[in-house]
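To keep things clear, I will list the structure first and then write my remarks on it.
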Amino acid sequence: MEQSKVRSYVGFCIRARKISFGITAIGMLKSGVFLLILDGDAAKNSIRYALKFKKRFACPLLICKCGFSDLVNKPECKIAAIKDKSLAEAILNSGEDGYEIYTGGGE
């Protein structure tokens with residue numbers, strides 16, 4: 001079975017310690033976030049926090065429509081912040097199915 005590019009890039013972020021998991025950890029960051037990844041099944045409160053962080057860090061928000069907990073290897077995690085610019089760009093440019101960039105549609 002071939003591993004997806006996004007999963008590989010997230011794995012690189014984990015090994016390089018360039019990723020933060022969860023609302024609390026991301027809320028403590030002051031800057032240096034280049035991409036937010038949100039679970040597509042997240043509750044409204046998590047979505048609200050993700051939009052708040054998107055505005056604070058002025059970065060894209062990527063919605064994962066399939067297997068977010070497997071992607072980040074954290075069963076209860078709903079949001080992750082990528083803190084490496086080149087890996088964030090690689091994730092955004094991967095063009096894989098199952099991921100959608102949040103464009104600010106009505107909520």
Side-chain angles (χ1 to χ4, degrees):
M1 186 168 106
E2 188 176 316
Q3 188 169 353
S4 75
K5 287 182 182 181
V6 172
R7 185 179 300 272
S8 296
Y9 295 141
V10 169
F12 293 149
C13 291
I14 292 169
R15 284 189 287 284
R17 297 183 184 202
K18 295 290 186 177
I19 189 167
S20 292
F21 301 105
I23 292 169
T24 306
I26 296 170
M28 293 173 57
L29 299 173
K30 301 295 181 203
S31 63
V33 174
F34 298 99
L35 176 65
L36 293 166
I37 305 175
L38 179 69
D39 187 350
D41 297 329
K44 282 187 177 185
N45 199 35
S46 297
I47 295 169
R48 187 173 54 96
Y49 274 107
L51 295 175
K52 177 180 144 184
F53 295 144
K54 178 185 184 312
K55 185 176 179 180
R56 179 194 298 175
F57 299 120
C59 66
L61 175 61
L62 190 68
I63 309 296
C64 177
K65 304 266 183 186
C66 55
F68 181 79
S69 60
D70 293 333
L71 176 69
V72 297
N73 295 324
K74 303 274 183 194
E76 296 299 318
C77 183
K78 297 296 180 189
I79 187 169
I82 306 296
K83 302 184 289 185
D84 183 275
K85 187 174 184 174
S86 61
L87 286 171
E89 289 172 358
I91 291 169
L92 285 172
N93 295 329
S94 69
E96 287 189 30
D97 292 337
Y99 301 93
E100 179 182 314
I101 297 174
Y102 179 80
T103 56
E107 185 125 351

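We're numbering straight along the sequence, starting at 1.
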**Request:** Look at atom CG of D97 and say whether more than 12 heavy atoms of other residues, nucleotides or ligands are closer to it than 6.0 Å.
**Result:** no
**Asked** How close do I63 and G40 get, heavy atom to heavy atom, and via which atoms?
**Response** CG2-CA, 3.8 Å
**Prompt:** Which heavy-atom pair separates N73 from D70 by the least distance, and what is that distance?
**Reply:** OD1-O, 3.2 Å
**Message:** Taking side chain to side chain contact (heavy atoms under 4.5 Å, CB included) as the definition, give me every residue that meets it alongside F53, ordered by chain and number, with sequence neighbours left out.
**Reply:** I23, I26, L36, Y49, R56, F57, I79
**K54 versus C59, closest heavy-atom pair with distance** = CG-O, 3.2 Å
**Asked** Can you pull the side-chain hydrogen bond (donor to acceptor under 3.5 Å, both in side chains) pairs that have at least one residue in residues 13-24, sequence neighbours excluded?
**Response** S20-K83
**Prompt:** Can you tell me how far NZ of K65 sits from CG of D39, rounded to the nearest 0.5 angstrom?
**Reply:** 10.5 Å
**Message:** So, taking the atom named SG in C64 and the one named CZ in R7, what distance separates them when rounded to the nearest 0.5 Å?
**Reply:** 8.5 Å
**Item:** Whichever hydrophobic residues join I101 through chains of side-chain contacts under 4.5 Å
**Value:** V6, Y9, V10, F12, I14, I19, F21, L35, I37, L62, F68, L71, V72, I82, L87, I91, L92, Y99
**Asked** Should K85 and E89 count as side-chain neighbours, where that means a heavy-atom distance under 4.5 Å?
**Response** yes
**Message:** Between E96 and K5, does any side-chain N to carboxylate O distance fall below 4.0 Å?
**Reply:** no
